[in-house]
Amino acid sequence: MDCVEGNNFFKKSMASSDEKPGSTPVMGPGPTLPGKATTLGSKLVDTGAQMLQSVKPVKQMNMHACTFALYGHDLSRQIETHHFIQRVNQDFLQCAVYDSDQPSARLIGIEYIVSDNIFETLPPEEQKLWHSHAYEIKTGLWTLPGMPELLQDPEHKSLTKTYGKFWCTWQVDRGDQLPLGAPSLMMSPQAVDIARVNPELVKERNSRYGVSAGDAKESRVEMDEPEWINPNADYWKQHGKGFAIDVVQVEMEGTGALI
Amino acid sequence: MIHDSAISLTRHTLTYIIGTTVTQESQFQPDKWPGPSLVLEEAPVLSPLHETIREAHVVLYSLPGFHIELKDQRERENNQSHIMATSHVDVPGEPTETGTALLETATGAIQGFQPINSIHEHLCAFHFYADDMTRQVEAHHFCAHLNEDVRQCLIYDSPEKDARLIGIEYLVSESVFLTLPDDEKPLWHSHEFEVKGGYLFMPGVPGAVARVDLAKVCKTYGKTIHFWQVDRGDPLPLGIPQIMMSLTRDGQLREDLAEEVEKKFAVSFEKERENRKDMTGPDHGIHPLANAAGKGLKTELREVDIPPATSMPRIFV
């Protein structure tokens, strides 16, 4: 580890998105969440709050999409994701990402989606953190559960040309019972062997939602491919490198120590 | 021609009535999700028939001279005076097109939103960057209980419709926190000071009701990650995630920010402090590793090797 003596600057990586945290009683087999069931008292406070407070920003999310994502540092780790999406304007969407669509779903991250117009204005250093969506939409990996395929069309036409930036804060697929470690950058499925989603996962998802893969592909195969996908996106494709995030200890700027 | 269909979506008992002289709005509230209302003009009265959504879709877009006005019921909620976020910068992009908006009103009515329907609580607090205490952000948490000991929150920069989704926070009880690995604990912060200090509050909820829950929050630990650095004026979520921390003692919170929030939400931190005198923090005291163990924390991006892409992309079967 680098150590700059003069400034008393000590650098230690406390957590990295591509490393497994040390074992702990918390991490056991299966996805059991530690803690007690929600008490009646909490539910009552919740109900009270619900009646008195408006959760306006949350109510703006009006689309649910189910798709698949890959860990940016290990494309073989693939997860089914549930995006709850708010369209901010024609070029930008913000999504809360969960691991299921049930009331017990765990919040596992956030994805932002921008149009190609916006993407082109980003500096290259920023672009490499983003992934393209054309493949996952055209192949029907991305679907809006409960919506007939025809109704999904207008949305998909505009989404095929978009790019996404998806940070995952809870690695549920490796059995973490709590959100541990540094956030991970996620990537999207692509038409390249290591980035294709395991067909079993897709089949199970499709049968759960009554999605016929055939239908999706038929109506979407006619969709225009984006003429060009920016090569800075899906960085691993051109460069064979993924990204991990490290959390390192530093001296705090500002008015002194936290404790 | 299918111009006289009424569509019944039994799941949410939402009916699109096409081709009627209905001039008042029909309002539907499936579950707790406000639905769209349709105002239809200039068409003959016809009896409702059950048809597929596919056909309705065709009708909506193909009838000439047919006026559809789709009002989102959410627009008609009580209009609070618009409260500007501290550093409001417009998100770049064109206004949403009608076709897109229409489709999304349909998805809003038809699809299920259970994970976000569980979000029942709004907390306002202050976060600062774990490597720079001078950069402070007003953070609106919209929280759901996963169970009694664990909550998950979406963080926005304001409580308004145009709020930007800037981060996530998880809250856990002390007993759960203590089970975390020692390398993990520094990423979490305590809530005792900001709750007892009155700086963390529930907008719109009378103090006595809020304090029931806040007494619990007082004993919890949180892990907060922000993805959008709105305080430095970023128009988009640029860069890498930032670990955030919360107030742990006097003198940290910027006075101008404190005053601004007090004014906006008509609260007094000092008064709340009085009311919360008897609250207690974690039973075992604040863990020495929490709050970054007294240091700063910074995130860094690192490139890692992954296996090379194999040559021929295959058509997805």
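Contact annotation for B:Cys153: only backbone heavy atoms (N, CA, C, O) come within less than 4.5 Å of a heavy atom of chain A. Interface remark: A:Leu129 contributes side-chain atoms only to the contact with chain B (heavy atom separation under 4.5 Å). Heavy-atom distances place no part of A:Ser115 under 4.5 Å from chain B, backbone and side chain included. In this structure, the portions of B:Leu238 lying under 4.5 Å from any heavy atom of chain A include both its backbone and its side chain. B:Leu178 does not touch chain A: none of its heavy atoms, backbone or side chain, sits under 4.5 Å away. Proximity to chain A involves both the backbone and the side chain of B:Leu301, based on heavy atoms less than 4.5 angstrom apart. If you measure heavy-atom distances from B:Val304 to chain A, the contacts under 4.5 Å come from both the backbone and the side chain. Only the side chain of A:Leu122 comes within less than 4.5 Å of a heavy atom in chain B; its backbone stays farther off. Contact of A:Ser100 with chain B is made through the backbone alone, with heavy-atom distances under 4.5 Å. With a threshold of 4.5 angstrom between heavy atoms, B:Leu236 approaches chain A through side-chain atoms but not through N, CA, C or O. Using a 4.5 Å cut-off between heavy atoms, A:Gln102 touches chain B through backbone and side chain atoms alike. With a threshold of 4.5 angstrom between heavy atoms, A:Ile108 approaches chain B through N, CA, C or O but not through any side-chain atom. Within the 4.5 angstrom heavy-atom criterion, atoms from both the backbone and the side chain of A:Ile245 approach chain B. Interface remark: A:Tyr98 contributes side-chain atoms only to the contact with chain B (heavy atom separation under 4.5 Å). Contact annotation for A:Ala96: both backbone and side-chain heavy atoms come within less than 4.5 Å of a heavy atom of chain B. Of the atoms belonging to B:Pro95, it is backbone heavy atoms, and not side-chain ones, that fall under 4.5 Å from chain A.
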Show the numbers, then the answer: is there a side-chain contact (heavy atoms from CB on, under 4.5 Å) between B:Ile168 and A:Trp167?
CA-CA 10 Å; B:Ile168 286 179; A:Trp167 298 104; over 6 Å; no
Report the C-alpha distance between B:Arg302 and A:Asp18 in whole Å, list the side-chain angles of each, state the deciding distance to 0.1 Å, and finish with yes or no for salt bridge (charged side-chain N to carboxylate O under 4.0 Å, His left out).
CA-CA 10 Å; B:Arg302 170 171 46 93; A:Asp18 62 342; 2.9 Å; yes
Could you go through B:Leu297 and A:Val248, starting from their C-alpha distance and side-chain angles, then the distance that decides it, and tell me whether this counts as side-chain contact (heavy atoms from CB on, under 4.5 Å)?
CA-CA 6 Å; B:Leu297 288 178; A:Val248 299; over 6 Å; no
When you look at B:Asp305 and A:Lys241, which way does the side-chain contact (heavy atoms from CB on, under 4.5 Å) test go after all the steps?
CA-CA 5 Å; B:Asp305 287 320; A:Lys241 301 266 190 195; 2.7 Å; yes
Given side-chain contact (heavy atoms from CB on, under 4.5 Å), test B:Ile306 with A:His73 step by step and report yes or no.
CA-CA 7 Å; B:Ile306 56 169; A:His73 58 268; 5.5 Å; no
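Atom CZ of A:Phe92 and atom CG of B:Asp90 lie 12.5 Å apart (nearest 0.5 Å). Taking CG from A:Leu151 and OG1 from B:Thr107, the interatomic distance works out to 9.5 Å, rounded to the nearest 0.5 Å. With rounding to the nearest 0.5 Å, the separation of CG in B:Asn117 from CE in A:Met61 is 9.5 Å. Atom CG of B:Asp162 and atom CG of A:Asn89 lie 11.5 Å apart (nearest 0.5 Å). Taking CZ of B:Phe227 as the start and CD of A:Glu111 as the end, the distance is 11.5 Å to the nearest 0.5 Å. If you take CG on B:Leu102 and CD on A:Glu155, they are separated by 11.5 Å, rounding to the nearest 0.5 Å.
Summarising the geometry of B:Ala293 relative to A:Gln249, their closest heavy-atom pair is CB-NE2, 4.4 Å, with the distance given to 0.1 Å. Of all heavy-atom pairs between A:Phe243 and B:Glu303, the closest is CE2-CG, 3.5 Å. Heavy-atom minimum distance, A:Glu126 versus B:Pro237: OE2-O, 3.8 Å. The heavy-atom pair separating A:Ser42 from B:Lys216 by the smallest distance is OG-NZ, 2.9 Å. The two atoms that bring A:Arg106 and B:Leu146 nearest to each other are CG-CD1, 4.1 Å, heavy atoms only.
No hydrogens or angles considered: nothing links the side chains of B:Tyr129 and A:Glu253 as a donor-acceptor pair under 3.5 Å. In the model, A:Thr39 has a side-chain atom that pairs as donor or acceptor with a side-chain atom of B:Glu148 under 3.5 Å. Of the N and O atoms on the side chains of A:Lys36 and B:Ser173, not one donor lies less than 3.5 Å from an acceptor on the other residue.
Without hydrogens or angle criteria, B:Glu184 side chain to A:Gly181 main chain gives a donor-acceptor distance under 3.5 Å. Proximity of a side-chain donor or acceptor of B:Gln152 to a complementary backbone N or O of A:Ala105 within less than 3.5 Å is detected. Side chain of B:Asn147 to main chain of A:Thr38: no donor-acceptor pair is present (N/O by atom type, distance under 3.5 Å, no hydrogens or angles). A donor-acceptor pair under 3.5 Å links the side-chain atoms of A:Gln53 to the main chain of B:His122, judged by distance alone.
Ranked by heavy-atom pairs under 4.5 Å with chain B, the first of A:Val55, A:Leu107, A:Asp91, A:Ile118 is A:Leu107. Of the listed residues B:Ala144, B:Gly239, B:Ser190, the one with more heavy-atom pairs under 4.5 angstrom with chain A than any other is B:Gly239. Ranked by non-hydrogen atom pairs under 4.5 Å with chain B, the options A:His239, A:Gln238, A:Lys165 are led by A:Lys165. Annotation: maximal heavy-atom pairing with chain A below 4.5 Å, among B:Leu165, B:Asp213, B:Ile225, B:Leu247, occurs at B:Leu165. Of all the listed residues (B:Lys223, B:Glu121, B:Arg135), the one sharing the greatest number of non-hydrogen pairs under 4.5 Å with chain A is B:Lys223. In terms of heavy-atom pairs under 4.5 angstrom with chain A, the leader among B:Pro115, B:Gly93, B:Ser175 is B:Pro115. Counting heavy-atom pairs closer than 4.5 Å to chain A, the top-ranked of the candidates B:Ala210, B:Cys143, B:Pro203 is B:Pro203. Heavy-atom pairs under 4.5 Å with chain B peak, among A:Gln86, A:Gln190, A:His82, A:Met147, at A:Met147. Ranked by non-hydrogen atom pairs under 4.5 Å with chain B, the options A:Gly35, A:Pro57, A:Pro123 are led by A:Pro57.
With sequence neighbours left out, A:Glu125 forms a side-chain hydrogen bond (donor to acceptor under 3.5 Å, both in side chains) with A:Lys128. Among residues two or more places apart in sequence or in another chain, the side-chain hydrogen bond (donor to acceptor under 3.5 Å, both in side chains) test is passed with A:Thr121 by none.
A perpendicular orientation is assigned to the rings of B:Trp228 and A:Tyr112, their planes being inclined by more than 60° (bins at 30° and 60°).
A:Leu144 places a side-chain heavy atom less than 4.5 Å from the side chain of B:Gln111.
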